[in-house]
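Quick note: residue numbers are just sequence positions, from 1.
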Amino acid sequence: MRNPFSGPQHVRCRIVPGRQVFSACLGTLAFLSVIAAHVAPLRADDTTNMAPVTKFVVRATPEPVPALKYRLLPSFLDLKPGNAAIVYTKIAVEFQGPLSDQAREIIEKIADWQEVPAEKLPRAEVEAALAMHAERIKEAGRAARMETCDWQLPVRGDKPWTIMLPEVQGIRSVARVVILRSRLAIADGRFDDALYDLQTTFAMARHVSQGPTLVNGLVGIAISGIGFREVEGLMRAPNAPNLYWAIMGLPRPWIDLRPAMDAETHFIDFSFPKLQDVDSARYSADQWREQLVGVAANMASLLEIAPPASAVAPEYIAAGFAIKTYPRGKKLLIAAGIPVADVEKMPVAEVALRGMMQDYRRVRDENFKWSYVPYAQRGDGPKRAAKEIENATAHVEGYPFVSLLSAVSAVSLAQVRSERLVAIHAAVEALRIHAAAHGGQLPARLSDVTLAPVLDDPLTGKQFGYTVTGRTAAITSPAPAGLDPAHFALEYELTIQP
């Protein structure tokens, strides 16, 4: 599997058949834990690497006429009625289903071919692979031009973190095949054909991200990263059109994680609906105990509190929960103004559940609220939220629910990196427009570019770093503090040919 954060940075890992992270019963928590591993802060003994340089040697090219002639998403005119999710799933299942050894080998080769320059691809072999998948590419193009995409995932069920997502890896495979065809089209100078496949890829990214889980959003970001690599190939191609307005025509935010964030904020509420009004509920002691046992039964295997095949009854696990959480719950209820005598009369399970939900909601909201603030303005808020989780875990606050709150900051970082790809590619094309109007000369400052405004860096909220030497300019974006520049910084080098 390629890193869901990867764009031009080329940070990757692989999923191959038989070793899929996106299994048929993937839990969101498990996936986010994989993602979080890629954003661990640098240690003092880490060697900080330089950002990889993405180079463009291009001609100064004005904007097309009409300006919106080219698009990276299908136009409204091209959309047809239908639910794209149904078609995507059918295609993806074919990639996930029983395959011959030859078919599996070809899928692996398609992933490997992404690293091979177009001119060095084994043309005959690539064309044979594309012919094998021609019908799937056609169906992906049809789905990408449908008006709606409703994945109908049961996030309001009792275990939303165990939602089955068998289509996810398959969709990524479909995107790789579609992009492979666009690469050949770019190499042949068939730019309209290449743009059709790029539209399909970016529409797939957008559609996948519309699922109500953060996994969907991250896979959408990954697919868009695949697409932007080929946008770069098109930008470099001789006589290629300028794509500034095509890039600027992408929605803002490009991949919107807000709906998934909102849904995942309430996964515990969906799982345990009777705890939604835990502070006002009036249950018997047996009913409170039943609720606590239900929490234990659902959470034990997820958090590996007990092995899935364990003979430990949920009642015993619930008793362990009560022992850990009752003292904290009692303090919270008393602090809220409930008389000590009344608290002591409450069933143990009630005190435990009310306390854990109060702590969980506080820590959860401290964690999620920063996703509503522009990344560049968050300051140390996410770090303080992470510390809040750490402290809550250490002091058994919100146990066991707080254990599900890791990696939200990593997801937000993935989103801003995706937005940064949009902005920095638009900046490259803006410079080409400027140079075309100024005799091939690059501007001394980004603020001098007026024909096609350069967006601010979404990571910093300020202009991209910019230096120019003759006909070569460097556009840069730093890595967030404490993260490796080799993975999280950007440097694009643009050379204007005479």
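If you take OG1 on T460 and CD on Q377, they are separated by 11.0 Å, rounding to the nearest 0.5 Å. With rounding to the nearest 0.5 angstrom, the CD1 atom of I86 is 8.5 Å from the CG atom of D150.
Across A414 and L218, no two heavy atoms sit closer than the pair CB-CD2, 3.7 Å. Considering every non-hydrogen atom in both L490 and L421, the closest pair reads CD1-CD2, 4.4 Å. Minimum interatomic distance between R59 and T61 (heavy atoms only, all atoms of both residues): O-OG1, 2.9 Å. The two residues N216 and P212 come nearest to each other via the heavy atoms OD1-N, 4.2 Å. When every heavy atom of S477 is checked against every heavy atom of D457, the shortest pair comes out as OG-OD2, 2.6 Å.
Side-chain atoms of Y360 and D365 form no donor-acceptor pair, as typed in the model, at a separation below 3.5 Å. At a cut-off of 3.5 Å, with distance as the only test, no side-chain donor of R471 or T495 sits close to an acceptor on the other residue. In summary, the side chains of Q199 and Y70 do not present any donor paired with an acceptor at a separation below 3.5 Å, with no hydrogens or angles considered.
R145 forms a cation-pi arrangement with Y196, by the criterion of a distance under 6.0 Å to the ring centre and an angle within 45° of the ring axis.
Ring orientation note: the planes of H434 and H438 are close to parallel, at an angle under 30° on the 30°/60° scale. Using a 30° and 60° split on the angle between ring planes, Y88 and W151 fall in the parallel class, below 30°.
With respect to the salt-bridge test (charged N to carboxylate O, under 4.0 angstrom), the residues R362 and E388 qualify. Between D380 and R384 there is a salt bridge, since at least one side-chain N of the basic residue sits less than 4.0 Å from a carboxylate O of the acidic one. Between R176 and E108 there is no salt bridge, since no side-chain nitrogen of the basic residue lies less than 4.0 Å from a carboxylate oxygen of the acidic one. Between E139 and K90 there is no salt bridge, since none of the side-chain N atoms of the basic residue sits less than 4.0 Å from a carboxylate O of the acidic one. Using a 4.0 Å cut-off between a side-chain N of Lys or Arg and a carboxylate O of Asp or Glu, D256 and R258 do not qualify as a salt bridge. For the pair R364 and D269, the salt-bridge criterion is met [side-chain N within less than 4.0 Å of a carboxylate O]. Using a 4.0 Å cut-off between a side-chain N of Lys or Arg and a carboxylate O of Asp or Glu, D112 and K109 do not qualify as a salt bridge. The pair K69-D192 fails the salt-bridge criterion, with no side-chain N (NZ, NE, NH1 or NH2) lying under 4.0 Å from an Asp/Glu carboxylate O.
The environment of NZ in K55 is sparse: at most 12 heavy-atom neighbours from other residues, nucleotides or ligands sit within 6.0 Å.
For the pair W254/S224, a side-chain contact is recorded, criterion being any heavy-atom separation below 4.5 Å from C-beta on.
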Checklist entry - Can you check side-chain contact (heavy atoms from CB on, under 4.5 Å) on L431 and Y466, steps first, answer last? => result CA-CA 11 Å; L431 290 173; Y466 179 77; 3.9 Å; yes
